[in-house]
**Student:** 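Sharing a structure below in structure tokens format, with a few things to ask.
Residue numbers begin at 1 in each chain, while the letters A, B, ... track the order of the sequences. Computed from a predicted model, the values in this text were never measured in an experiment.
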Amino acid sequence: MAPLIYSALIISLGLGTTMTFASTHWYLAWMGIEINTLAIIPLMAQNHIPRAIEATTKYFFVQATASATLLFAGISNAFLTGQWDITYTPYTLTSTLITLALAMKIGLAPLHSWMPEVMQGLNLLTGLILSTWQKLAPLYLIYQIQPNNPNIFIALGLMSIIVGGWGGFNQVQLRKILAYSSIAHLGWMILILSFSPPLALLTIIIYILMTFSLFSSFMLTRTTHINSLSTTWAKIPILTISTPLILLSLGGLPPLAGFMPKWMILQELTKQSLCPLATMAALSSLFSLYFYLRLSYAMTLTMPPNNPAGTLPWRLNPQHNTLPLALTTTSTICLLPMTPAIMSLMPF
Amino acid sequence: MLKILIPSILLLPSTWLTPQKYLWTTTLSYSLLIASASLMWLATPSETGWSFLSCLMASDPISTPLLVLTCWLLPLMVLASQNHLMLEPINRQRTFISLLISLQIFLILAFSATELIMFYIMFEATLIPTLIIITRWGNQMERLNAGTYFLFYTLAGSLPLLIALLLLQNSTGTLSFFTIPYLPSTCSTPWAHKMWWTACLLAFLIKMPLYGAHLWLPKAHVEAPIAGSMILAAVLLKLGGYGMMRILIILDPLTKELSYPFIILALWGVIMTGSICLRQTDLKALIAYSSVSHMGLVAAGILIQTPWAFTGALILMIAHGLTSSALFCLANTNYERTHSRTMILARGLQTLLPLTAVWWFIATLANLALPPLPNLMGELMIITSLFNWSMWTLILTGLGTLITAGYSLYMFLMTQHGQLPHHLISLNPPHSREHLLLTLHLLPLLLLILKPELIWGWSA
């Protein structure tokens, strides 16, 4: 893509999210989200292959539906309460409608069906933007509306954790697996959003770190299928050590950093006396761990001198810009001892 | 405490920076040095209280024997793995040794933790290096299934434990071992209290393993390489026992009613797994099921919570750790020569490897709890305290002892006595390394006959 157009689109992405963050009026918030959607559409379609066009079209339809619902909910709120402030949503109708619209935007179950298919059609960099940057603005808006009862959040969250785990069971395409992983982690965020928003912030920051590491590892080796993971040892051997650790961190195993959000969320849920919910959420995250484990089996644990699982590819000369990957991988693996420091930074 | 922990952590850079010629020599000698230094923990000044205190780590008479066993096992694992790793590239050898060292670090932190959440995190942290050792360096295709079973059985038990610990922390404010015995019991609705009790114990019972949840153990032990089998059998199972001992303090008085099914399941498991051992054809599976059997006795002993039972459980844990690890090393000598775990393919080895037959003999006698070995001391104390708890358990434990003797003898006679199979003319003679390995396993066991006070825990 031409550099000028590319940078214009990236800047528009930034502009959209920033506008939503800075807004207190429903129109401005909605405008920021629309700018985000419109800016990422050309990025998704830049490949000009039919699969990418299909993903772009699906994404556009879903996001347009969600934005229209969001605008409708905002206008209904203004009609019912007499003001456009996004923090003032006393009526259950409007707050539920806003929550569901934003849930559809970020791909929470049961409004998640578009996510794996859209992610599958994109290249890895756009997929990374879709699963990290595009979640920020809607999550911020969900936090802002401060609903009166947390039941819808608990329902959305628990369903997302289960769907995100169960849906990825049968997948061999890495981008679909990453989509289901995104659904599951967003489920954890939504679960805790009504009880402790700083913990949701912590969850999404740690999730962005982990996903960025994983996407960058896959981008370095240009792998999009489980079978092509098995040749990583020949291309970049160090990735065969770091990527399984990133995957296990995504699965939430101590002593890796991915355990930190789960631990803190479970602590908050037990403080709210929601122990059966906490148990169900914790055990549902074991589903996702199963397919992360399968990925690490394919990549590392079946290396030569055991039989390799895939045919050897052409080894072209890739560019190695590995500093961001190094930083995020280190933080994904080693950040757990910093938990007290991070917790003291969170405003409780 | 840091005197042992920091050298263990620094073993990691020394593994990666040592030149190839000296890798195994260096790691072996330094880990032996750390192991001998760890013996200082056995000189506990206070019989029932905590020693070597800092704010996060301490040792007491229960954790000390397990800590020393952990530190003792690292040089043994390095010795045992040397042969099968010789053909691999040097960086993979270094990675393997780093996994063993990181396992030791996590285990030291787990056994010396003074706070339950720290113990929990280190308990879970031992899963990752063990998983990598089993699935990367195991030898058969079934190792992937074994790794999955291992990881998921343990995690399914320990996630409810995390929630139970967080609940306890919410109501009592702290989870430090120093103050936990003095806390009032957390009373909520009876149903919630029972669920909380189960959640606290389930992780450790699965890890021990209790008979109903033991399926991961034969798979993991059989598919693991020798170092993996050693550390699993010797120390990782004892993490479950140690955790149970620590957490039972806060679970009273509900334990008196709720522990019934688990005690009976454990004792029934002793008999069932012993019977399975009598029909095994796979040598490592036999030793694995024998581990389940002994650990069932330990679980029953811990759950009845009398002083003799705790003492017996701790002694049996240490003695079984050394014995089971020695048996796995002996099975590995067979495996390295015939590349098969089937017992009938390597019979009559007394003719071919007579000196190894001596070690087989001593290890088998230890396994069937011959006096005066500490195995007998542990089993006898547990059986006695179980008899005190209910005299009907004598039927189960007596039968269990009989079957244990039966399968131990079966294992010995199958591998050592009898005629050689027709396809074996000679095998490679045993290396001095293998004799050293078995000496280092069995000599502490024999020496413990002379001073069992070191490993019998709290009884002053």
Side-chain angles (χ1 to χ4, degrees), chain A residues 233 237-238 240-241 244-245 247-249 251-256 258-260 262-294 296-307 309 333 336-337 339-340, chain B residues 87-89 91-92 95 98-99 102 105-106 109-110 117-118 120-129 131-141 143-145 147-148 150-171 188 191-192 195-196 198-199:
Chain A
W233 66 270
I238 191 70
T240 59
I241 300 182
L245 289 175
L247 283 165
L248 292 176
S249 182
L253 280 188
L256 306 167
F259 179 61
M260 191 197 327
K262 289 207 167 64
W263 173 18
M264 294 292 126
I265 290 178
L266 289 174
Q267 188 169 37
E268 186 61 39
L269 285 178
T270 52
K271 277 188 197 154
Q272 305 277 345
S273 307
L274 286 171
C275 301
L277 172 67
T279 318
M280 278 193 285
L283 291 175
S284 308
S285 68
L286 285 181
F287 286 136
S288 334
L289 183 63
Y290 180 73
F291 55 80
Y292 296 140
L293 190 64
R294 193 166 51 199
S296 32
Y297 279 173
M299 186 180 247
T300 310
L301 301 171
T302 48
M303 278 203 295
N306 304 308
N307 291 326
I333 296 175
L336 190 66
T339 309
Chain B
L87 298 172
E88 297 217 9
N91 278 337
R92 288 194 201 157
T95 314
S98 313
L99 283 169
S102 60
I105 297 171
F106 289 139
L109 284 171
I117 293 278
M118 169 84 151
Y120 173 82
I121 293 185
M122 291 306 143
F123 176 78
E124 298 278 289
T126 57
L127 288 178
I128 294 184
L131 175 75
I132 299 180
I133 292 177
I134 295 179
T135 52
R136 171 68 185 91
W137 275 278
N139 280 321
Q140 274 75 36
M141 197 184 75
R143 70 189 193 278
L144 300 177
N145 211 13
T148 312
F150 169 65
L151 193 65
F152 282 91
Y153 264 70
T154 318
L155 280 177
S158 57
L159 283 172
L161 173 66
L162 177 63
I163 297 174
L165 290 180
L166 291 172
L167 256 179
L168 188 62
Q169 189 177 29
N170 285 336
S171 60
S188 32
W191 175 243
M195 294 262 82
W196 177 77
T198 319

**Student:** Working to the nearest 0.5 Å, report the span between CD1 of B/Ile121 and CG of A/Leu256.
**Tutor:** 11.0 Å
**Student:** Using a cut-off of under 4.5 Å on heavy-atom pairs, state which of B/Ile128, B/Asn91, B/Leu162 scores highest against chain A.
**Tutor:** B/Ile128
**Student:** Let me confirm one number: the CH2-CG distance from A/Trp263 to B/Leu166, rounded to the nearest 0.5 Å.
**Tutor:**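 Atom-to-atom, A/Trp263:CH2 and B/Leu166:CG are 8.5 Å apart.
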**Student:** Where does B/Phe123 contact chain A at under 4.5 Å (heavy atoms): side chain, backbone, both or neither?
**Tutor:** neither
**Student:** With respect to chain B, which residue among A/Ile241, A/Leu266, A/Leu245 yields the maximal number of heavy-atom pairs within a distance under 4.5 Å?
**Tutor:**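 Among A/Ile241, A/Leu266, A/Leu245, the one with the most close pairs to chain B is A/Leu266.
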**Student:** Got a second to check how far A/Thr270's OG1 is from B/Asn170's CG, nearest 0.5 Å?
**Tutor:** 4.0 Å
**Student:** Under a 4.5 Å heavy-atom cutoff, which of B/Leu151, B/Ile163, B/Leu127 has the most pairs with chain A?
**Tutor:** B/Ile163
**Student:** Report the residues that fulfil side chain to side chain donor-acceptor pair (under 3.5 Å) with B/Gln140, sequence neighbours left out, ordered by chain and then residue number.
**Tutor:**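 B/Gln140: side chain to side chain donor-acceptor pair (under 3.5 Å) contacts with B/Tyr335, B/Arg341.
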**Student:** Taking side chain as everything from C-beta outward and backbone as N, CA, C, O, which of these in A/Leu289 sits under 4.5 Å from a heavy atom of chain B? Side chain, backbone, both or neither.
**Tutor:** both
**Student:** Can you tell which part of B/Leu87 gets under 4.5 Å to a heavy atom of chain A, answering side chain, backbone, both or neither?
**Tutor:** neither
**Student:** Could you tell me which portion of A/Leu248 (side chain, backbone, both or neither) has an atom closer than 4.5 angstrom to a non-hydrogen atom of chain B?
**Tutor:**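 Just the side chain, heavy atoms under 4.5 Å.
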**Student:** Taking all atoms of both residues into account, what is the closest heavy-atom pair of A/Pro255 and B/Phe106, and its distance?
**Tutor:** CG-CZ, 3.8 Å
**Student:** Which heavy atom of A/Tyr297 sits nearest a heavy atom of B/Leu144, and at what distance?
**Tutor:**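 Of all heavy-atom pairs spanning A/Tyr297 and B/Leu144, the closest is OH-O, 2.8 Å.
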**Student:** Identify which part of A/Tyr290 has an atom lying under 4.5 Å from any heavy atom of chain B, answering side chain, backbone, both or neither.
**Tutor:** both
**Student:** What are the two closest heavy atoms between A/Leu283 and B/Ala156, and how far apart are they?
**Tutor:** CD2-O, 3.9 Å
**Student:** Closest approach of B/Phe152 and A/Leu293, non-hydrogen atoms and distance?
**Tutor:** CE1-CD2, 3.8 Å
**Student:** Calculate, to the nearest 0.5 Å, the distance between atoms CE and CG belonging to A/Met280 and B/Leu159 respectively.
**Tutor:**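 Reported to 0.5 Å precision, the distance equals 14.0 Å.
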